[in-house]
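Atom set for the values below is all heavy atoms of this structure, side chains included, hydrogens, waters and symmetry mates excluded. Letters A, B, ... are given to chains in the order of the sequence lines, protein chains preceding strands, and every chain is numbered from 1.
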Amino acid sequence: MSNGIVKIATRESYGNALAELGDEFKDFLVLDADLAGATKTSVFKKKFPERHIDCGIAEANMTGIAAGIATTGTPVFISSFAMFASGRNFEQVRNSIGYPHLNVKIGATHAGITVGEDGATHQCIEDLALMRVIPGMTVIVPSDDTEAKAAVRAALLKEGPVYMRFGRAAVPVINDPANYKFEIGKAVKLKDGKDISIFACGVCVAEALEAAKLLEADGISAEVINVHTIKPLDEETIIASASKTGRVFTVEEHSIIGGLGSAVAECLTSADLPNNTKITRIGVNDEFGQSGKAAELLKFYKLDAQSIYERIKNS
Amino acid sequence: MTDIELKTTAAKVREGIVTAVFSAASGHPGGSLSAADMYTYLFFEEMNIDPKNPRDPKRDRFVLSKGHTSPGYYSALANRGFFPVEDLKTFRKLGSYLQGHPCMNETPGVDMSSGSLGQGLSAATGMALAGKLKGEDYRVYTLLGDGEIQEGQIWEAAMFAGAHKLDNLTVIVDNNDLQIDGRVADVCNIYPIDKKFEAFNFNVINIDGHDFAQIRDAFAKARETKGMPTAIIMKTTKGKGVSFMEDNAGWHGKAPNAEEYEKAIAEIRSAI
Ligand SMILES: Cc1ncc(C[n+]2csc(CCOP(=O)(O)OP(=O)(O)O)c2C)c(N)n1
Ligand SMILES: [Mg+2]
């Protein structure tokens, strides 16, 4: 990434947003599971120690505790690595939060392969699939600091369960904090184009924007849309762009099974599209991750700008 | 091995731990060092294993339930001859067979993949049960963190192991008193550990995890005990052997810089 660009990990944004919101909203609680430093809920804890509860290494229990608290009318954030905040406790989220539609917000950090050196056991590339299949669950994947902070606020203001996916690695700030308007379920067009549509989320938005620049130089006009909300999906925006270009690419730091790519494909199967409209899902193929540095892994799994560019160019 | 030989070997294991984490510039030294003496005793003295035949169906098994302390595991395996000690420097690097958390399909000597806390005791219990069902007399060992035992699955597995009288299973709890967010008693109190395992029908032995005579004695008692699994609760110091890492939660998952690395190696060597 070019010099001079501010980079912030969205888990930092999460912690900072919680700490800021804590002044304005006096009632919500924040739960963690022995990862307060890593998930950055420690920032909130420092300011509001009495509103932060460390549940210990017991994510399934934390999920149930949050459900119980939420029944009393108090909103709760629960936090852990995405692997343990959506996977370890999946059925607790489904049955104790999803089914009763309780006001619990899941702040899942360290999502995707950019977790880095911890390797496959900690690189959650299945959470979007797991979470979006739960009825009534809102699923948000912020692309940068600006969007992540706005998402935390929107999640708190929204009644019902929300899953938010944050990253460990620092990513460039691509949305101008002064003008950016975030609305759950409303995708953001970052670049107009007429030849192809690129739908991206999370860390892949910045990479997709870079790839679009490279394509432009080759005479390919790419429309780039940041689909920060995976559920409810902005079908209108997605269908409009796909109808215009007839060539769709999705890019995400998630398995190509079940995430953004699947959601977009599901949406487009029932839309009236130009003949021969094609969808290519770019993500982690049906395989586990591995240890390595975040940037190395993005390259290895072909999710960096150059690889995205080459993939699109050669398809 | 004599206790002196074990101590010398443990120092080599500690050196490998610090080297692996330093080379990777990430990883978990604290809980690796607290269990370094235990790793040494298990792989050099207690377990029936053969570096030349790591998949021998008759071998004893080990499950590292607290998988983040893989540097200790890998260093002990390397020093025991399962793979070159030099390779510890590839730890956590892209393409290495020494993944951040243990992977049974990548690393010779690793019997079970782990890294998500709370799951290893179940796998070890399954191995012990399978041994009984097949009439095999291998033994199964598993190492748990004291923070890790906050996971409910640990107690589901413990109940099962006790109920099934799995006397071929030995559970070791590394009671270094620290987890990531602080003292285990402050985060979510786990004490008393021994009474909990007793209540789940375990033979419980409390020891000092840095005293080889006590470790030796505990395993002998575990072998003698019939009709119930054994839990060895070992009091340890997190970061043991590197003064500035000792009893400090800050060194749970942090790599030393070059200067700290030199200091750590010097301390470990001078202790022999
Ligand atoms: C299910 C799960 N939750 C959270 C983590 C993140 N994590 C890694 S180590 C650790 C603390 C472990 O403390 P303890 O069990 O006491 O280990 P030790 O002190 O021996 O290092 C945590 C929370 C994890 N690996 N797995
Ligand atoms: Mg501990």
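A 4.5 Å side-chain heavy-atom check between A:K293 and B:K93 finds every atom pair outside the cut-off. Contact of the B:H68 side chain with the A:H122 side chain is not registered, since no non-hydrogen atoms from C-beta on lie closer than 4.5 Å. Contact check for A:R88 versus B:Q119: side-chain heavy atoms found under the 4.5 Å cut-off. Side-chain contact between A:D118 and B:H28 is present, with at least one heavy-atom pair separated by less than 4.5 Å.
For A:Y99, the OH atom counts as loosely surrounded, since its 6.0 Å shell holds 12 or fewer non-hydrogen atoms of other residues, nucleotides or ligands. Within a 6.0 Å radius of CD in A:E287, more than 12 heavy atoms belonging to other residues, nucleotides or ligands are found.
A side-chain contact (heavy atoms from CB on, under 4.5 Å) with B:D181 holds for exactly one of A:L35, A:I57, A:D34; it is A:D34.
Not a single donor-acceptor pair under 3.5 Å links the side chain of B:Q99 to the backbone N or O of A:A120.
Taking all atoms of both residues into account, the shortest heavy-atom contact from B:G100 to A:S291 is N-OG, 2.8 Å.
Interface check for chain B: of the options A:M83, A:Q290, A:E117, A:E296, the most heavy-atom pairs under 4.5 Å are formed by A:E117. The candidate with the highest count of non-hydrogen atom pairs below 4.5 Å against chain A, out of B:I149, B:I154, B:L117, is B:L117. Ranked by heavy-atom pairs under 4.5 Å with chain B, the list A:A36, A:G119, A:A33 is led by A:A36. The choice from B:V187, B:I190, B:V184 that makes the most heavy-atom pairs within less than 4.5 Å of chain A is B:V187. Heavy-atom pairs under 4.5 Å with chain A were tallied for B:Q153, B:E151, B:Q150; the largest tally goes to B:E151.
The OG atom of B:S116 lies 11.0 Å from the CZ atom of A:F81; values are rounded to the nearest 0.5 Å.
Residue contact with chain A, scored on non-hydrogen atoms closer than 4.5 Å, involves the backbone of B:S114 exclusively. When heavy atoms are compared at a cutoff of 4.5 Å, B:Q179 approaches chain A by way of both its backbone and its side chain.
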